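Keep in mind that what you see is a predicted model, and the values were worked out from it rather than measured. Letters go in sequence order (proteins before strands), and every chain restarts at 1.
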Amino acid sequence: MVGGVPLPRSFYCRPSLVVAPELLNKVLVAGGSRGRIVEVEAYAGPLDPASHAYRGPTARNATMFGPPGHLYVYFTYGMHYCANAVTGANADGQAVLLRALAPLAGLARMHERRPAARRTIDLASGPAKLCQALGIGPEHDGTDLVRGRVRILDDGAEPPTTPGVSTRIGITRAVDRPWRWFVPGDPNVSR
DNA sequence: TAAAAGATCCCCT
DNA sequence: GGGGATCTTTTAT
């Protein structure tokens, strides 16, 4: 099938450390555009000092402690939004940050929403860029990724057999944990 | 009540 | 390669 089918709920009902690398090469769809996920980071829950879930539920991170397979959108740096897939068991506080996409379709819409992007490679090569490109904002926090207006599809592409691995970007705590995965060689990977 | 930091991006040099 | 933008949430006093 050309467009792909939504990943089932069961896909998300596993630890973020397992789900994250398997999200590589899946397809994120929103706002009439779509892109292939080429970079992710796992946030492991209340025991992960770098996670928003550290120290338990708050108003901001409530979606992280909701059912898996939903979208956690947060505001940061006074001007940016970032998107995560909630994983694990219910109320685990685990999530996978979507860090970069390879644009697949709806590129004209992406450019409209991201006037600063001069090339295709600038459209979604970062966690806040991809939200802007696909029109993902605070109104999408809590969206069901299986049935909602933002979805993640399986179009048959396999994750890389040997993904790139590194420590997570932009954090100041638990900086040593190798919980970032990416598609090696893809130009949209942010670093 | 105040202060600082933040899962970033963009433009300038 | 470096710093400013910009404002919510968190953390300290």
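- Checking the phosphate oxygens (OP1, OP2) of dT8(B), a side-chain nitrogen or oxygen of R99(A) falls inside 4.0 Å.
- Looking at the side chain of K129(A), the nearest of the listed nucleotides dC10(B), dA7(B), dT8(B) is dC10(B).
- When heavy atoms are screened at a 4.0 angstrom cut-off, A116(A) is found touching the sugar-phosphate backbone but no base atom.
- Under 4.0 Å is where a charged nitrogen must lie from a carboxylate oxygen, and between R36(A) and D155(A) at least one such pair does.
- I171(A) comes within contact range of the sugar-phosphate backbone alone, with a heavy-atom separation under 4.0 Å but no base atom that close.
- Using modelled atom types and a 3.5 Å distance limit, the side chains of Q132(A) and R113(A) yield no donor-acceptor pair.
- Using a cut-off of 4.0 Å between Lys/Arg side-chain N and Asp/Glu carboxylate O, E41(A) and R168(A) are scored as not salt-bridged.
- Whole-Å rounding puts the R191(A) CZ to dG1(C) C1' distance at 13 Å.
- Closest contact between the side chain of H80(A) and the listed nucleotides dC7(C), dC9(B), dA5(C) involves dC9(B).
- Proximity note for R55(A) (side chain, C-beta onward) versus dC10(B), dT9(C), dT11(C): the nearest is dT11(C).
- For T76(A) and dC7(C), the shortest distance from a side-chain N or O to OP1 or OP2 is not below 4.0 Å.
- Among dC7(C), dC9(B), dG6(B), the nucleotide with an atom closest to any side-chain atom of F75(A) is dC7(C).
- Y43(A) qualifies as a stacking partner of the dA7(B) base, centre to centre under 5.5 Å and near-parallel within 30°.
- The nucleotide whose nearest atom lies closest to any side-chain atom of T172(A) is, among dG6(B), dC9(B), dA7(B), dG6(B).
- In summary, the aromatic rings of H80(A) and F75(A) are positioned with their centroids too far apart to meet the 6.0 Å limit.
- Ranking dT6(C), dC9(B), dA7(B) by closeness to the M79(A) side chain, first place goes to dT6(C).
- If you check distances only, the side chain of Y77(A) never reaches the base of dA5(B) with a donor-acceptor pair under 3.5 Å.
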